[in-house]
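Counting starts at 1 for both ligands and their atoms, following the listed order. The structure presented is a predicted model; accordingly, all values stated were derived computationally and were not measured. The residues of the chain are indexed from 1 along the displayed sequence.
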Amino acid sequence: RGHIRFENVEFGYDPDRQILKGIDLDIPAGATVAVVGPSGAGKSTLARLMFRFYDVTSGRITVDGQDLRDVTQHSLRSAIGIVPQDTVLFNDTIGYNIAYGREDATAEDIASAARGAAIAGFIQALPQGFDTRVGERGLKLSGGEKQRVAIARTLVKNPPILILDEATSALDSRTEADIQATLEAIERGRTTIVIAHRLSTIVHADRIVVLESGRVVEQGSHAELLRLG
Ligand code: ADP
Ligand code: ADP
């Protein structure tokens with residue numbers, strides 16, 4: 001589950017300015033694909049189309065053969081987890097912030113997550129000692145800790161598809177390396193799109209897609225791209 005295809009996808013926020021042009025991508029279920037390219041190339045826009053914050057102008061995006069336009073918002077949100085660069089947390093406990101990521105969580109689930117009960121399986125994603133700190137308020141967290149809460153919030157849904165949109169870009173390199181290891185562990189068994197600008201976050205990707213001015217200018221494995229150069 002989680003085979004993604006972009007077929008001749010075109011998109012513009014305004015009708016007179018195309019941002020993405022003729023995008024063709026075939027991402028096998030379970031693969032990790034890195035999308036790289038200069039600022040303004042359209043990487044985040046591509047991620048937003050996956051989530052249907054916007055719909056394609058022409059062409060189509062399918063997941064397991066189904067056109068995204070035929071998928072309900074609810075199933076889209078349970079199928080796709082996204083970890084953004086700047087996580088905004090509720091001014092509440094870590095537990096509340098994590099349970100919120102589960103679309104079908106009841107008030108009771110959230111309450112029990114806030115007590116630490118419901119997140120046992122996600123402790124791996126959290127910094128050491130976090131299981132006893134679950135009642136702490138989010139705003140006291142460091143940038144790295146916030147990102148770990150964002151990852152755990154995404155994991156609650158156990159999504160087959162993961163989008164990491166510059167998820168570690170705002171962190172210092174030591175914290176980034178730390179969180180990178182967790183991300184690589186949770187990517188296993190999921191289709192993952194990594195939007196990145198640092199090489200260290202994409203060395204493990206199965207395929208690299210290079211986007212420039214809204215077009216795919218190169219794509220292939222690390223070895224294939226090196227031969228091109
Ligand atoms: P990247 O993630 O590669 O830096 P983006 O997808 O953020 O690129 O942006 C691609 C282009 O789309 C840029 O020219 C940007 O100014 C434009 N853009 C991004 N978001 C919007 C928006 N909400 N409305 C209009 N234009 C936008
Ligand atoms: P709600 O579910 O109430 O609409 P959330 O903040 O939980 O609001 O967002 C739902 C999903 O959308 C989450 O998986 C979240 O990570 C994702 N999301 C929120 N903001 C963005 C963004 N700017 N770009 C991409 N995904 C986002």
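Atoms of ligand 1 found under 4.0 Å from any heavy atom of Tyr54, numbered from 1 in the order shown, are 23 (N). When each atom of ligand 1 is checked for a heavy atom of Arg17 under 4.0 Å away, the hits are 14 (O). Interface of Ala41 with ligand 1, defined as ligand atoms under 4.0 Å from a residue heavy atom, comprises 1 (P), 3 (O), 8 (O). Numbered from 1 in the order shown, with element, the atoms of ligand 1 that lie under 4.0 Å from a heavy atom of Thr45 read 5 (P), 6 (O), 9 (O), 10 (C). Taking a cut-off of under 4.0 Å to the non-hydrogen atoms of Pro38, the atoms of ligand 1 that pass are 3 (O).
For atom 18 (N) of ligand 1, the closest non-hydrogen atom on the protein side is Tyr13 CE1, 3.4 Å. Looking only at heavy atoms of the protein, atom 2 (O) of ligand 1 is closest to Ser44 N, 2.8 Å. When only non-hydrogen protein atoms are considered, atom 10 (C) of ligand 1 lies nearest to Gly40 O, 3.3 Å. The shortest contact between atom 8 (O) of ligand 1 and any protein heavy atom is with Gly42 N, 3.1 Å.
Here Arg174 does not pair with Asp172 in a salt bridge; the nearest charged N to carboxylate O distance is not below 4.0 Å. Using a 4.0 Å cut-off between charged nitrogen and carboxylate oxygen, Asp64 and Arg5 do not count as a salt-bridge pair.
When non-hydrogen atoms are compared, ligand 1 lies under 4.0 Å from neither the backbone nor the side chain of Glu212.
By the 4.0 Å heavy-atom criterion, Gly37 is excluded from the residues contacting ligand 1. For Glu166, the closest heavy-atom approach to ligand 1 does not fall below 4.0 Å.
When all heavy atoms are compared, the tightest approach of Leu211 to Lys43 is CD2-N, 3.7 Å. Smallest separation of non-hydrogen atoms from Phe51 and Leu76: O-CD2, 3.5 Å. Looking at every heavy atom in both residues, Arg60 comes nearest to Val9 through O-CG2, 3.4 Å. For the residue pair Pro38 and Glu212, the shortest heavy atom distance occurs at CD-CG, 3.8 Å.
Distances between N or O atoms of Ile19 and those of ligand 1 include no value under 3.5 Å. Any N or O atom pair closer than 3.5 Å counts here, and Asp14 shares no such pair with ligand 1.
The nearest protein heavy atom to atom 15 (C) of ligand 1 is not closer than 4.0 Å.
In terms of modelled atom types and a separation under 3.5 Å, the side chain of Ser78 and the main chain of His74 share a donor-acceptor contact. No donor-acceptor pair closer than 3.5 Å links the side chain of Arg17 to the backbone N or O of Gly12.
One distance of note links CG of Asn97 with CZ of Phe90; it measures 6.5 Å at 0.5 Å rounding. One distance of note links CD1 of Ile161 with CZ of Arg1; it measures 8.0 Å at 0.5 Å rounding.
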